[in-house]
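In what follows, a single structure is set out as structure tokens and then discussed.
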Amino acid sequence: MTLKERCRILQFDDLGDERGKLVVIEGGESIPFEVKRVFYIYDSDASVIRGQHANVESEFVLINVAGQSKVRLTDGLEEFIVELNRPMMGVYIPRLIWKDMYDFSPDSVLLVLASTHYDGKEYVRNYEDYLKKMEENRKWHV
């Protein structure tokens with residue numbers, strides 16, 4: 001399975017009417033996990049790079065509910081960039097995918113839904129360590 005197939009783009013239904021827009025996201029339904037943690041990133045300028053890590057246990061869905069940003073995803077072999085620019089669109093990020101969020105518009109609000117509560121021990125924050133871990137994983141799954 002390719003990286004793009006594993007980190008799929010999610011489209012959420014716009015349930016709005018003449019009164020305004022409404023987007024509903026339900027854990028285990030419109031996203032592939034139950035939500036344990038929610039946070040959002042805002043007031044970052046275009047020169048800031050956020051993320052710069054992978055998670056051993058956590059899965060994520062990223063949605064720009066306002067403005068736009070880009071997300072670079074890699075598994076150490078493949079890489080692709082997702083532009084998040086609509087509040088009805090998100091990207092699913094499974095475990096052990098390196099992520100960099102960047103190129104934030106001035107009005108960007110990046111909503112993050114996570115499958116786990118925060119545990120700093122499950123973060124891989126050094127890219128070289130990440131590449132070594134992925135190489136070890138590939139050896140076990142050949």
Side-chain angles (χ1 to χ4, degrees), residues 1-138 140-141:
M1 183 178 293
T2 69
L3 183 62
K4 280 187 178 182
E5 290 168 333
R6 289 185 290 148
C7 299
R8 63 190 178 278
I9 303 299
L10 304 173
Q11 299 293 336
F12 307 111
D13 292 334
D14 178 355
L15 304 175
D17 56 25
E18 67 279 352
R19 299 169 294 168
K21 302 293 185 183
L22 174 68
V23 176
V24 176
I25 300 167
E26 295 182 305
E29 297 289 325
S30 49
I31 63 172
F33 57 82
E34 294 298 326
V35 177
K36 297 283 179 88
R37 180 169 43 122
V38 175
F39 59 96
Y40 50 93
I41 299 167
Y42 70 101
D43 206 18
S44 293
D45 66 39
S47 66
V48 171
I49 301 174
R50 302 295 305 254
Q52 298 182 300
H53 64 267
N55 295 78
V56 175
E57 297 297 327
S58 297
E59 301 168 78
F60 298 93
V61 170
L62 279 58
I63 306 159
N64 251 95
V65 295
Q68 61 187 22
S69 66
K70 292 179 181 167
V71 183
R72 182 183 76 91
L73 302 167
T74 184
D75 62 2
L77 295 177
E78 298 178 73
E79 172 184 310
F80 80 102
I81 295 170
V82 178
E83 185 170 346
L84 296 173
N85 56 13
R86 290 173 296 155
M88 294 91 56
M89 167 198 180
V91 61
Y92 167 66
I93 304 174
R95 297 172 180 90
L96 285 173
I97 299 296
W98 187 270
K99 59 199 132 317
D100 298 321
M101 294 86 78
Y102 65 99
D103 201 14
F104 295 93
S105 65
D107 59 341
S108 175
V109 179
L110 180 61
L111 178 68
V112 181
L113 309 175
S115 65
T116 62
H117 296 286
Y118 178 79
D119 178 0
K121 294 182 295 254
E122 67 122 357
Y123 282 64
V124 181
R125 298 182 188 275
N126 178 287
Y127 190 66
E128 294 305 317
D129 293 343
Y130 171 72
L131 292 176
K132 289 176 190 170
K133 184 172 195 59
M134 294 306 288
E135 183 63 31
E136 290 170 13
N137 284 353
R138 282 189 281 280
W140 284 102
H141 293 100

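We count residues from 1, following the sequence as given.
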Ser44 vs Arg50 side-chain heavy atoms within contact, under 4.5 Å:
yes
Non-hydrogen side-chain atoms of Lys133 and Val124 separated by less than 4.5 Å:
yes
Could you tell me the separation between the NZ atom of Lys4 and the CG atom of Leu73, rounded to the nearest 0.5 Å?
10.5 Å
Between Val24 and Ser30 the two heavy atoms that sit nearest each other are O-OG, 4.2 Å
Near Asp43 CG, under 6.0 Å, is it more than 12 heavy atoms from other residues, nucleotides or ligands?
no
Hey, are the side chains of Arg8 and Pro32 touching, using non-hydrogen atoms and a 4.5 Å cut-off?
yes
Check whether any side-chain N or O of Asp13 sits under 3.5 Å from a backbone N or O of Leu15 as a donor-acceptor pair, and report yes or no.
no
May I ask you to decide whether Glu135 forms a salt bridge with Arg138, counting only side-chain N to carboxylate O separations under 4.0 Å?
yes
Here the pair of heavy atoms bringing Thr74 nearest to Tyr130 is O-OH, 3.2 Å
Minimum-distance pair of heavy atoms, taken over all atoms of Ile63 and Gly90:
CG1-CA, 3.9 Å
Closest non-hydrogen atom pair, Val35 against Ile31:
CG2-CD1, 3.5 Å
Within a 6.0 Å radius of atom OH on Tyr40, are there more than 12 heavy atoms belonging to other residues, nucleotides or ligands?
no
With sequence neighbours excluded, residues passing side chain to side chain donor-acceptor pair (under 3.5 Å) with Asn126:
none
Report the C-alpha distance between Glu122 and Ser58 in whole Å, list the side-chain angles of each, state the deciding distance to 0.1 Å, and finish with yes or no for side chain to side chain donor-acceptor pair (under 3.5 Å).
CA-CA 8 Å; Glu122 67 122 357; Ser58 297; 2.4 Å; yes
Suppose the criterion is side-chain hydrogen bond (donor to acceptor under 3.5 Å, both in side chains): which pairs have a residue in residues 87-100, not counting sequence neighbours?
Asn55-Lys99, Glu59-Tyr92, Arg72-Asp100, Trp98-Asp100
Could you tell me whether the side chain of Phe60 reaches within less than 4.5 Å of the side chain of Val71, counting heavy atoms only?
no
Rounded to the nearest 0.5 Å, how far does CD of Gln52 lie from CZ of Arg125?
10.5 Å
Is the shortest heavy-atom distance from the side chain of Leu96 to the side chain of Asp75 under 4.5 Å?
no
So which heavy atom on Val109 is nearest to which on Tyr42, and how close?
CG2-CB, 4.2 Å
NZ of Lys70 to CG of Asn85: how many Å apart, nearest 0.5 Å?
10.0 Å
So, taking the atom named CD1 in Ile97 and the one named CZ in Arg6, what distance separates them when rounded to the nearest 0.5 Å?
4.5 Å
Rounded to the nearest 0.5 angstrom, the CD-CD1 distance for Glu83 and Ile81 is 10.0 Å
To the closest 0.5 Å, what do you measure between CD1 (Ile93) and OG (Ser115)?
11.0 Å
Closest non-hydrogen atoms of His53 and Gly51, given as atom of the first, atom of the second and distance, are ND1-O, 2.8 Å
